[in-house]
Amino acid sequence: MLDLARLRADTPGTHDVVHFNNAGASLMPRIVIDTVVEHVREEARLGGYEAAGAAAGRLESVYVSVARLLNAQPDEIAVIENATRAWDMAFYSLPLSAGDLVLTSATEYAGNYIPYLQLQKQRGIRIEVIPNDGQGQVSVEALQRRLTDPRVKLVSLPIIATNGGPVQPVEAIGAAAREAGVGFLLDACQGAGHVPLDVKKIGCHMLAATSRKYLRGPRGMGFLYIERALCAQLEPTFLDLHAATLQTPDRFEIRGDARRFENWECNVAAKLGMGAAIDYALELGIVPIWTRIQALAGDLRERLAQIDGVTLQDRGAVKSGIVTFTLDRCDSADVQQWLASQARRINVSRSTFQSTMLDMQMRGLRDVVRASVHAYNSDEDIDALVQAVQAMSRGIAHAR
Ligand SMILES: Cc1ncc(COP(=O)(O)O)c(C=O)c1O
């Protein structure tokens with residue numbers, strides 16, 4: 001059981017805002033803020049390279065922390081500036097060619113779907129969306145049927161979509177992909193720090209995630225996991241003098257570990273900050289975090305559902321902490337603005353048609369209000385949000 005008073009005392013931002021934008025960027029705990037700020041101070045005092053040298057041991061520990069989070073090995077981890085680039089580095093290195101099929105979910109993020117379309121244009125790959133089951137998540141049976149097609153070369157989807165919805169049954173998906181001998185690239189951007197992620201249990205070959213969302217790390221940081229056996233077979237599309245070494249003027253050698261997907265220059269303070277965020281989450285325990293998120297999100301859904309004009313938009317057998325809804329006769333952008341006003345200071349976000357087009361199209365949605373709950377949110381936070389949405393709904397009814 002988590003100690004809410006400690007969680008909130010650890011999170012200075014809770015004094016200033018009611019934050020339900022954890023799927024955008026969460027509030028950092030003090031240990032993360034201190035780690036980042038202290039390193040920037042060291043850079044100012046000693047010089048950037050010298051400060052990184054002095055922090056060499058702690059920088060190595062970041063790989064150990066990411067590996068612990070995922071039940072992987074440190075040499076299977078690359079630290080990359082965000083989830084999109086981490087995902088890109090894996091995806092574009094895959095030897096996909098004309099006629100190869102990529103299976104994805106309707107909940108795929110546009111940032112990943114656009115690269116599919118690009119390789120469709122450049123290399124002639126094909127994209128197919130696995131149908132949903134009756135509850136709105138990927139149908140594992142439909143996936144298994146499609147995996148009998150020898151043209152399928154990759155299964156690639158997000159564990160949790162940017163616009164909420166189900167926590168996908170990734171262990172069953174991974175088992176099906178493994179059985180068929182097909183690669184599985186998991187976008188865990190919304191999952192890291194939110195739900196338990198064990199790459200051995202999931203069976204994914206590659207996984208990308210970001211620091212600033214449910215992990216509560218700094219912005220501009222993320223990571224990639226590549227299974228050791230696969231890593232040596234994949235040649236990154238981009239190489240630099242960190243990913244590879246020049247042996248002679250006409251020969252280079254690519255390093256053997258997952259850091260072949262990194263580039264040399266990076267935000268060292270943010271890298272240390274991400275390590276601190278992961279250690280903080282691991283110390284609290286991902287299972288207790290996830291248990292609390294589910295309880296809070298469940299409560300929020302129940303209470304929002306009772307408000308006139310509110311329609312909850314989440315589907316799935318297992319729902320995440322990303323609570324989405326629409327309010328009749330009201331733009332999601334207006335709801336966001338109303339909640340953020342000076343008097344309320346409630347942060348939610350808006351998930352748009354463009355960012356998960358297939359899913360939004362299927363459900364006839366233009367956009368949704370996204371209230372993403374984290375473990376440090378309190379019952380008072382939920383009360384504040386519910387009351388503000390209630391007030392807005394009454395205001396609309398009154399104006400009618
Ligand atoms: C499901 C999903 N995948 C990938 C990303 C991209 O993450 P980043 O902005 O760190 O590149 C996001 C960001 O919102 C996301 O929600």
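As the structure lists them, so they are numbered: ligands from 1, and atoms in each ligand from 1.
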Where does Asp187 meet ligand 1, judged by heavy-atom distances below 4.0 Å: at the side chain, the backbone, both, or neither? side chain
Residue pair Phe238, Tyr92: steps toward the ring-ring contact (aromatic ring centres under 6.0 Å, His included) verdict: CA-CA 9 Å; Phe238 302 118; Tyr92 283 102; 8.1 Å; no
Give the minimum heavy-atom separation between Asn112 and Asp187, together with the two atoms involved. ND2-OD2, 3.0 Å
How close does the nearest protein non-hydrogen atom get to atom 7 (O) of ligand 1, and which residue and atom is it? Cys189 SG, 3.3 Å
Taking Arg344 for the side chain and Trp338 for the main chain, is one N or O donor matched with an acceptor at less than 3.5 Å? yes
Atom 6 (C) of ligand 1: the protein heavy-atom neighbour that sits closest, reported with distance to 0.1 Å: Thr84 OG1, 3.3 Å
Does a side-chain N-to-carboxylate-O contact under 4.0 Å join Lys200 and Asp198? no
Pairs of nitrogen or oxygen atoms closer than 3.5 Å, one from Ala83 and one from ligand 1: do any exist? yes
Between Asp75 and Tyr63, is the side chain to side chain donor-acceptor pair (under 3.5 Å) condition met? List the steps. CA-CA 8 Å; Asp75 68 338; Tyr63 296 87; over 6 Å; no
Apart from Met1 itself, which Ile, Leu, Val, Met, Phe, Trp or Tyr residues share its cluster (side-chain heavy atoms under 4.5 Å, direct or through members)? none
Quick one: does ligand 1 sit under 4.0 Å from the side chain of Asn112, the backbone, both or neither, non-hydrogen atoms only? neither
At a 4.0 Å cut-off, with the gap strictly under it, does some heavy atom of Arg212 reach an atom of ligand 1? yes
Set of ring pair (Phe, Tyr, Trp, His ring centres under 6.0 Å) partners for Tyr214, sequence neighbours left out: His194, His374
Ranked by distance from atom 10 (O) of ligand 1, the top protein heavy atom is Thr210 OG1, 2.6 Å
Residue portion contacting ligand 1 (non-hydrogen atoms closer than 4.0 Å) for Thr162: both
Looking only at protein heavy atoms, what sits closest to atom 5 (C) of ligand 1 is Tyr109 CE2, 3.3 Å
Using the ring centroid of each side chain, check whether Trp87 and Tyr116 are separated by less than 6.0 Å. yes
At a 4.0 Å threshold, what atoms of ligand 1 neighbour a non-hydrogen atom of Ile160? 1 (C)
Between Lys213 and ligand 1, which part of the residue brings a heavy atom under 4.0 Å of the ligand: side chain, backbone, both or neither? side chain
